[in-house]
2 protein chains.
Amino acid sequence: MGYTVGQVAAFAGVTVRTLHHYDRTGLLSPGERSPAGYRRYGDADLARLQQILFYRELGFPLEEIAVILRDPHADALGHLRERQRRLREEIARLERLAEVAEQAIEVQRTGVRLSPEERFEVFGEISFDLSYATEAQLKWRDSAAYREAMARAAGHGKEDWRRLMAEAAAWRTSLLAAFDAGEPADGERAMDLAEEHRRHLTRWFTPCPPDTHRRVADDLAADPRAFALLVPPSQQRPGLAAYVSKAIHANAARREAAGPDPEEQP
Amino acid sequence: MGYTVGQVAAFAGVTVRTLHHYDRTGLLSPGERSPAGYRRYGDADLARLQQILFYRELGFPLEEIAVILRDPHADALGHLRERQRRLREEIARLERLAEVAEQAIEVQRTGVRLSPEERFEVFGEISFDLSYATEAQLKWRDSAAYREAMARAAGHGKEDWRRLMAEAAAWRTSLLAAFDAGEPADGERAMDLAEEHRRHLTRWFTPCPPDTHRRVADDLAADPRAFALLVPPSQQRPGLAAYVSKAIHANAARREAAGPDPEEQP
DNA sequence: GCTTGACCCTCCCCTTACGTCAGGCCGCAG
DNA sequence: CTGCGGCCTGACGTAAGGGGAGGGTCAAGC
């Protein structure tokens, strides 16, 4: 009667190092030692080990296991209930994460049809911010405009993206010129830039009536990640996002004031 | 344009130490430093931080995040899929654990009606092995005999348990005497002890026809934790569990050979 | 009696993603 | 000039062991 560390380890499915660890921390010290100092585990030790592994599998920290096993009065039931509550919380948390991951995959998979190399070639510095895209997907996936925009984006090929990006770059240049020249955000030149942005969205993604455009503007002003898709951080200036947003609002008001607007096709 | 660590930390919901950590490991180094050596984070740094936090929330290790962000060619989609697969595995694992925990709670709650103090008083050294009891519950909860045994156990009060344990202690003394005297496991004395065990089970837990008793015997021989409930480790001898099991099998055969048996009531 | 190989021992450092000091510099208000 | 809050670096600690160095022990074969 007396097993060595190796035997116990093989038999219980743990490593020798684990048994050493449990010995050193006092969680499970073998009943005796051989004259040479070898650990000798008895049946009682094995029984205790089994208890330990049971609680360990349930994810209890070793210290708490020690408490539970220390005195049989210990409130094992309470510990178990608490543990189960936390297990359920953890499950719920992981389920939320899995959902986010799924949306992120969805965004990556359908968002752009390009290969990673093409994507890099076309987008360059403007890296696709997955965290924002995923959040946007979770926020707007029930909106028809969003779905159409994504579907059309998925349909674009490399050449489409190149043209689209060139257009956007030219627009950015004009925007920065107007902003740096001190043009007012509700002035004509800024409103014209906003209108150009609207037509850009309409042509490449989805028709963009005033209300839709206002929602876009609000998001640009509220979330730097959204604005970064429009103007890369290296070209930004303080107040630029708010400026663009204000211009879009002004342009939306102008268009509404101009009366009913038979959306002309591009 | 340039935020200090404290500002970024407050604003992004992380601690200053976290930003220091990301800086040292190279995951996120601020664009510049003030003359005095203060970290100055720019908008591009904030954008990167947001990316980092997104992947971190999904449970990616920081090193993997660094790889994903290092070059935009990186296969973010592949990483995400892999991550989601592991999230699902983890969810399944936790669900199994929650089930085990629930069974363990069930065992503790209904198994014995005593308070922790009473339980200690009555059971003393023979500590209730939750890992075995839970496994037994998962294995046998569909058996009618098991359910009856648990229900009757739950009905016993402190006095019942005391009498029951006293009976068991006397039985153990006889068992050890027979075993130490070298009585054969299939001899009359051992079979009588097995029969006594059977009547004990019948009286306190559930009627125990030969087949049921054989299953109990097999479990006693196979699982040291089961046997420990019958004979505490301190009183065990090598081969004792097998001896008891064999005696029960012999007794079952004897009873069956004796012909149909109108189970007398106790 | 000697060697070999498997097994055992005790330190001791390493891991993740930071938390928590300790000791000292920087910048601004009174 | 003194405080005070914020910043810096550096070092140690965490949970549950992993991995290895350096050295002792055991059983078997020669």
Side-chain angles (χ1 to χ4, degrees), chain A residues 2-42 45 48-49 51-69 79 83 86-87 90 93 97, chain B residues 2-42 45 48-69 79 83 86 90 93 97:
Chain A
Y3 310 90
T4 69
V5 259
Q7 290 172 318
V8 173
F11 169 112
V14 300
T15 68
V16 170
R17 185 64 180 79
T18 298
L19 294 175
H20 284 176
H21 185 59
Y22 291 174
D23 188 4
R24 195 164 42 75
T25 61
L27 179 57
L28 176 66
S29 296
E32 47 173 357
R33 295 281 188 128
S34 81
Y38 284 25
R39 292 175 178 79
R40 304 281 243 63
Y41 291 86
D45 297 323
R48 186 176 168 91
L49 178 56
Q51 302 255 65
I52 291 169
L53 296 181
F54 172 74
Y55 287 108
R56 190 187 70 163
E57 273 225 0
L58 287 182
F60 283 92
L62 299 185
E63 207 170 334
E64 196 171 343
I65 298 178
V67 169
I68 297 175
L69 297 190
H79 286 274
R83 183 75 202 135
R86 284 201 296 220
L87 280 173
E90 185 66 5
R93 196 181 70 85
L97 290 192
Chain B
Y3 311 89
T4 68
V5 262
Q7 290 171 317
V8 174
F11 167 115
V14 301
T15 68
V16 169
R17 183 62 179 83
T18 298
L19 294 174
H20 283 177
H21 185 59
Y22 291 174
D23 189 2
R24 188 191 331 274
T25 62
L27 179 57
L28 176 67
S29 297
E32 47 172 357
R33 294 281 188 130
S34 82
Y38 283 24
R39 291 174 179 80
R40 304 282 242 62
Y41 291 86
D45 299 322
R48 186 177 168 91
L49 177 56
Q50 223 131 13
Q51 301 256 66
I52 291 168
L53 296 181
F54 172 74
Y55 287 108
R56 191 187 69 164
E57 274 225 3
L58 286 182
F60 282 92
L62 298 186
E63 208 171 334
E64 197 171 343
I65 297 178
V67 170
I68 296 176
L69 297 189
H79 286 273
R83 184 72 203 138
R86 283 201 295 222
E90 186 65 5
R93 196 181 70 85
L97 291 193

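In what follows, every chain begins at residue 1, and chains take the letters A, B, ... in the order their sequences are listed. Fair warning: this is a prediction, and the values are worked out from it, not measured in the lab.
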Is B:Thr15 near enough to C:dG19 that one of its side-chain N or O atoms lies under 4.0 angstrom from OP1 or OP2?
yes

Interatomic distance, A:His21 NE2 vs C:dT10 P [rounded to whole Å]
15 Å

Name all residues meeting the side-chain hydrogen bond (donor to acceptor under 3.5 Å, both in side chains) criterion together with B:Arg93; count only those two or more places apart in sequence or in a different chain, and write none if there are none.
B:Glu90

Using whole Å, what does the distance between atom C1' of nucleotide C:dT10 and atom CG of A:Leu19 come to?
16 Å

According to side-chain hydrogen bond (donor to acceptor under 3.5 Å, both in side chains), who are the partners of A:His20, at least two apart in sequence or on a separate chain?
A:Arg39

Measure from CG on B:Leu28 to P on C:dA17 and round the result to the nearest Å.
15 Å

Please determine whether a side-chain nitrogen or oxygen atom of B:Ser34 lies at a distance below 4.0 Å from atom OP1 or OP2 of C:dC26.
no

Five-pair end axes of the helix from C:dG1-D:dC30 to C:dG30-D:dC1 and the angle they enclose, rounded to 10°
40°

Protein-nucleotides 12-16 of chain C N/O pairs closer than 3.5 Å?
none

In whole Å, I'd like the distance from the CZ atom of A:Arg24 to the C1' atom of C:dC11.
10 Å

Which pairs pass side chain to side chain donor-acceptor pair (under 3.5 Å) with one or both residues in residues 52-61 of chain A, sequence neighbours excluded?
A:Tyr22-A:Arg56

In whole Å, what is the span from the CG atom of A:Asp23 to the C1' atom of D:dG17?
14 Å

Under 4.0 Å between a side-chain N/O of B:Thr18 and OP1 or OP2 of C:dG19, yes or no?
yes

Using atom OH of A:Tyr3 as one end and atom P of D:dC26 as the other, report the distance to the nearest whole Å.
20 Å

Test B:Tyr41 against B:Leu19 for side-chain contact (heavy atoms from CB on, under 4.5 Å), laying out the working first.
CA-CA 10 Å; B:Tyr41 291 86; B:Leu19 294 174; 3.7 Å; yes

Please name all residues satisfying side-chain hydrogen bond (donor to acceptor under 3.5 Å, both in side chains) with B:Ser34, sequence neighbours left out, ordered by chain then number.
none

Dump the pairs, protein N or O against N or O of nucleotides 6-8 of chain D, anything under 3.5 Å, distances to one decimal.
residue: D:dG6; atom: N2; partner: B:Tyr38; partner atom: OH; Å: 2.9
residue: D:dC7; atom: OP1; partner: B:Thr4; partner atom: OG1; Å: 2.7
residue: D:dC7; atom: OP1; partner: B:Gly6; partner atom: N; Å: 3.2
residue: D:dC8; atom: OP1; partner: B:Arg39; partner atom: N; Å: 2.9
residue: D:dC8; atom: OP1; partner: B:Arg39; partner atom: NH1; Å: 2.8
residue: D:dC8; atom: OP2; partner: B:His20; partner atom: NE2; Å: 2.8
residue: D:dC8; atom: OP2; partner: B:Arg39; partner atom: NH1; Å: 3.3
residue: D:dC8; atom: O5'; partner: B:Arg39; partner atom: NH1; Å: 3.4

Checking B:Thr25 now: which residues fulfil side-chain hydrogen bond (donor to acceptor under 3.5 Å, both in side chains) with it, not counting sequence neighbours?
none

Contacts of B:Arg86 that satisfy salt bridge (charged side-chain N to carboxylate O under 4.0 Å, His left out) - sequence neighbours left out:
B:Glu82

Any pair with a residue in residues 5-15 of chain A that passes salt bridge (charged side-chain N to carboxylate O under 4.0 Å, His left out), sequence neighbours left out, goes on the list, sorted by first then second residue, please.
none

Going by the rule salt bridge (charged side-chain N to carboxylate O under 4.0 Å, His left out), which residues pair with A:Arg33 if we only count those two or more places apart in sequence or in a different chain?
A:Asp23

Show me the side-chain donor-acceptor pairs of residues 9-17 of chain B shorter than 3.5 Å, one per line, residues at least two apart or across chains.
residue: B:Thr15; atom: OG1; partner: B:Arg17; partner atom: N; Å: 3.4
residue: B:Thr15; atom: OG1; partner: B:Thr18; partner atom: N; Å: 3.1
residue: B:Thr15; atom: OG1; partner: B:Thr18; partner atom: OG1; Å: 2.9

Could you check B:Val8, B:Asp45, B:Ile65 and say which one makes a side chain to side chain contact (heavy atoms under 4.5 Å, CB included) with B:Leu28?
B:Asp45

